[in-house]
Each structure stands twice: as structure tokens, then as C-alpha cells.
Amino acid sequence: MKEKIIMKTPLVEMDGDEMTRIIWKEIKDILLLPYIDLKTEYYDLGLENRNATDDKVTVESAIATKKYGVAVKCATITPNADRVKEYNLKEMWKSPNGTIRAILDGTVFRTPILVKGVTPFIPTWTKPITVARHAYGDIYKNTEMQVKDGDRCELLVTDKNGNETRKTIFDFVGTDGIIQGLHNKDNSIRSFAKSCFNYALEINQDVWFASKDTISKQYDHHFKDIFAEVFETEYKERFKKAGIEYFYTLIDDAVARVIRSNGGFIWALKNYDGDVMSDMIATAYGSLAMMTSVLVSPDGIYEFEAAHGTVQRHYYKHLKGEETSTNSVATIFAWSGALKKRGDLDNLPELSRFAENLEKATIKTIESGIMTGDLYALSTLPNKNKVNTEDFLRDINETLKTLI
Ligand code: NAP
Ligand code: MG
């Protein structure tokens, strides 16, 4: 047996809930600990511990991520009324992902993992499309009202000296109606642009950005202008050197081009567009369980995770002692992404190489016909076999042994 890989800097490890918490431990035991002298700073973001610590653990894990630069996160429960009862919570704690994103001021990039046998609904998408959603403002922080026949609706801005500027939205005559006020912030748009351009350099892919600037000449056009300014002043030269491009087009044109494309680029989207399009892209590539997610801050801090949730239904089967066949691929790729990043930052090529082999072994295993139930239902491979949660990881380990 080869010696274990020694790490220099710890990874921030954020444990989570339900079925993904079970998978988390199995991935470590079966695929990581035999090969790596794994150094992590462990934060238990399981709902019970978030409740016990008044959710301080989430904030602490984000601060540690700022310190060390790379984190790997397990899926976590975002409490709702049912969860408050189920876990006897002191409060309906906020989404950990929301808390972490706010502290790191990051952008989330979601990328599908492609395997032979699972063909995207758009068969020409031979490479992944990474969706980057601006996660601040617009309709998600809106103010809206229902108004009455005869109402005059205006935008009113009062500057710091008390001067007022007004613009009429609409005079309602002969009918009731609805109005909505939106905002966004230059610094948030700028952070979004930087995160996208940094990540593009990291993975060596083009960035596409789109909005409706022809119709929204102040609001959407401002996004376009900030992206252009950030690109021109900070990234143009580096993109040229890397042989990649920044491409802006109208949102409707972008949608048409995306459908006709082969993939292999980052698609940056405004908040609402990203919300809608990320679900479309995920579905079109085949399986939510094959979607990875990385939060990238404008100053280059990374938090890796799976895009799916805690797979609750499988967890309750598991608790009843029934066999499960839960797909661990996105969580494995969260670990490999974090280990690769740590290896690159710490100049530990053997750690980065191990992470790449882990990804290769995972894909090779599936392409040899061994897969979990969700992929079994989709795969067109003739020799496919459905295996349980743990056997899938053991089979990946057998493949991994042949690669290292
Ligand atoms: P989910 O856990 O993603 O599961 C939705 C369904 O998708 C599952 O029931 C399962 O379908 C399928 N699925 C998802 N991941 C799978 C995997 N790895 N392997 C096989 N099938 C998979 O979403 P949810 O049920 O809406 O949410 C459950 C909990 O997760 C919630 O408490 C939510 O707050 C949390 N959540 C967390 C995050 C995060 O931490 N980033 C993200 C989303 C949701 P079948 O049951 O039909 O097999
Ligand atoms: Mg959505």
C-alpha cells in the first residue's frame, strides 16, 4: 500500500443532514481516508447542532472558510414549519447556504457531470453548461402593491440632502392594478462579474452574460455596463492570454444560442433568469443528483457542494433498515473539487492528481454499468446494474485502485 498523501492546510468541512450525512461519512471512510491523511477543520452543520449553537456554527464555518480559502459542504436542511416540529427547534433557522453566501459575498456556479449512457435532452450538449446566478436583489428583494382605479403611481427618490426626484410609473384609469419596485447594488453586480470572470479563468471557459438591456435601458443596461467595465479594466488581458472570451448578448438571443450550442461555457444570469434557467439546465442534463455546485467569492474563496438536498425520502427508508440506492456522485465531486483546489493552492500535485483520479474512477464506474437507481432509470447502457448506496462507493474504490 502506498503512503498516504499528507495535506498542508486543512479543508473546512461542513457536515450536514439526513441521507447526505450518511453518504458523507461513507465517502470519507471508503474513498478518502485510505489514501489521504485528511486534514479538516470540522463544523457540524447538522440541524441538531445548528439548533444547539443558536446557528453560530454556520457563521463560524463561513469565517473559517474566509481564513483557509476552501470548504466542502454537505447538504443541509433549511427548516420550515414541519422541521421546527420534527427537530423541536428553538427557531426556524435560516438557510445555511444563504448565511454562508452572505458572509462570503459569493456567486454559485452549478455544473452538470456528464456520463455515457445518460444523454441530455438536448443531445448536442456534449459539454457541461455552467450556470452562474446573481444571488442578490431584483424581484427577490422587491416591494409590491395592489393599487386601485384612479391611483397615480410614482417612483420617488429622496437624496441625502432631501431633494426629490419623481417619475410616473402609471396612472390607473378605469381599472385596478399592480406595481412593483426593484433595486440592485453596483457593488453586488461588480462582485458577481468578478466571480464569473475569476471562475472562467480558473476553468478556462468563456463567459456569456445576457440581460434585457434594449427594453430596460437604465436597469438591465446598468448590469451590461458594469460587466463591460469590470472586464475591460481587470480581465481583458488575462482572458486574451488564456484564449477565452467574454460575450454579451440579449437574453432571448442567449436562450436560442444556448439551445444550439455544444456547451462548455459559463452562463452568467441575473437573479430571476438564473433561478429559472438553472432548473431548466439541470433537468435537461438528466439528473439533479449529477449536478455540482461551487460558491466562489470575488476574492477567490471556494465552497464546494452538491446541488441537491438531503434526499429525505431515502433517509427515512434507511432509518427503517431498508436498502437505499442514493447517488453520491455530486457529493464525491464536491470533495474532489475541494481537494483539487487545496492541492493547487498548497502546491501538492499528488493531492490534485488524487482528486482527478477520484472523479475519473466515479465516471468510469458508471460507464462500466454500475450505478444507483436514479441513473439506472435514465441510462441507455445495455449492461447496466443497479447497486445500493454503499456498494456504489465500494465499486468506485475498486476502480480507483486500478488508477493509482
Ligand atoms: P432533494 O433532497 O434534492 O431531493 C429531491 C428528490 O430528488 C429526492 O426525493 C430524490 O428523488 C431525488 N434526488 C435528489 N438527490 C438525489 C440523489 N443524490 N440520489 C438519488 N436521488 C436524488 O430535495 P428536497 O426533497 O426538496 O429537499 C430535502 C431537504 O434538503 C430539505 O430539507 C431542503 O431544505 C434541503 N435542501 C438543501 C440544499 C442544500 O443544502 N444545498 C439544497 C436543496 C434542498 P426520489 O425520492 O424520487 O428518489
Ligand atoms: Mg429555481
Side-chain angles (χ1 to χ4, degrees), residues 13-24 26-27 43-51 55 57-58 61-62 71-87 89 92-102 104 106 108-113 115 118 131 133 135 275 278-279 282-283 285-295 303-320 322-335 337 362 366 370-379 386-393 396:
E13 175 184 354
M14 303 168 174
D15 207 344
D17 289 301
E18 298 194 312
M19 199 60 206
T20 41
R21 188 179 180 98
I22 307 288
I23 288 174
W24 194 257
E26 290 181 352
I27 291 173
Y43 293 86
D44 183 0
L45 266 55
L47 187 50
E48 279 158 8
N49 193 46
R50 275 182 277 149
N51 192 51
D55 208 21
V57 66
T58 307
S61 73
V72 55
K73 181 180 169 293
C74 181
T76 46
I77 293 169
T78 298
N80 55 17
D82 290 343
R83 299 297 200 168
V84 171
K85 253 189 256 156
E86 183 183 352
Y87 285 82
L89 300 180
M92 200 185 289
W93 305 109
K94 283 192 275 187
S95 151
N97 288 59
T99 302
I100 295 165
R101 196 167 57 214
L104 299 181
V108 174
F109 297 84
R110 283 173 149 217
T111 308
I113 300 154
V115 289
V118 181
V131 170
R133 170 183 172 189
D275 185 353
S278 61
D279 286 334
T283 308
Y285 273 103
S287 171
L288 183 59
M290 297 291 279
M291 186 68 82
T292 58
S293 169
V294 55
L295 174 73
E303 182 247 305
F304 295 85
E305 64 179 312
H308 61 75
T310 59
V311 213
Q312 182 183 17
R313 200 180 60 82
H314 296 213
Y315 180 59
Y316 284 110
K317 266 178 84 173
H318 170 84
L319 286 183
K320 279 193 267 173
E322 290 172 30
E323 186 169 73
T324 57
S325 182
T326 313
N327 188 334
S328 46
V329 171
T331 308
I332 294 171
F333 273 62
W335 274 102
T362 303
I366 298 168
I370 299 167
M371 59 195 81
T372 47
D374 57 314
L375 291 182
Y376 184 82
L378 294 170
S379 178
K386 177 181 162 180
V387 292
N388 70 35
T389 309
E390 190 178 328
D391 283 348
F392 181 60
L393 294 167
I396 292 172

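Atoms within a ligand are numbered from 1 in the order they appear, just like the ligands themselves. Hydrogens, waters and symmetry mates play no part in the numbers below; they use all other heavy atoms, side chains included.
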Can you list every pair where an N/O of ligand 1 is under 3.5 Å from an N/O on the protein?
| from | atom 1 | to | atom 2 | distance (Å) |
| --- | --- | --- | --- | --- |
| ligand 1 | 2 (O) | G309 | N | 3.4 |
| ligand 1 | 2 (O) | T310 | N | 3.1 |
| ligand 1 | 2 (O) | V311 | N | 2.8 |
| ligand 1 | 3 (O) | G309 | N | 2.7 |
| ligand 1 | 18 (N) | H308 | NE2 | 3.3 |
| ligand 1 | 18 (N) | N327 | O | 2.8 |
| ligand 1 | 19 (N) | N327 | N | 3.0 |
| ligand 1 | 30 (O) | T310 | N | 3.0 |
| ligand 1 | 30 (O) | T310 | OG1 | 3.3 |
| ligand 1 | 32 (O) | R83 | NH2 | 3.0 |
| ligand 1 | 34 (O) | T78 | N | 2.9 |
| ligand 1 | 40 (O) | K73 | NZ | 3.4 |
| ligand 1 | 40 (O) | T76 | N | 3.0 |
| ligand 1 | 40 (O) | T76 | O | 3.4 |
| ligand 1 | 40 (O) | T76 | OG1 | 3.4 |
| ligand 1 | 41 (N) | E305 | OE1 | 3.3 |
| ligand 1 | 46 (O) | R313 | NE | 2.6 |
| ligand 1 | 46 (O) | R313 | NH2 | 3.1 |
| ligand 1 | 48 (O) | R313 | NH2 | 2.9 |
| ligand 1 | 48 (O) | H314 | NE2 | 2.8 |

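- R101 places no side-chain N or O within 3.5 Å of a backbone atom of G106 that could act as its donor or acceptor partner.
- Not counting sequence neighbours, the partners of E18 by the side-chain hydrogen bond (donor to acceptor under 3.5 Å, both in side chains) test are R83, T310.
- Side-chain atoms of R110 do not come within 3.5 Å of backbone N or O of S293 as any donor-acceptor pair.
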(request) Evaluate the side chain to side chain donor-acceptor pair (under 3.5 Å) criterion for residues D374 and T372: first the C-alpha distance (whole Å), next the side-chain angles of each, then the deciding distance (0.1 Å), finally the verdict. (result) CA-CA 6 Å; D374 57 314; T372 47; 2.7 Å; yes
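- Each of T78, D55, L89 was evaluated against L47; a single residue qualifies, L89, per the side chain to side chain contact (heavy atoms under 4.5 Å, CB included) test.
- The 12-atom threshold is not exceeded at CD of E48, counting heavy atoms of other residues, nucleotides or ligands nearer than 6.0 Å.
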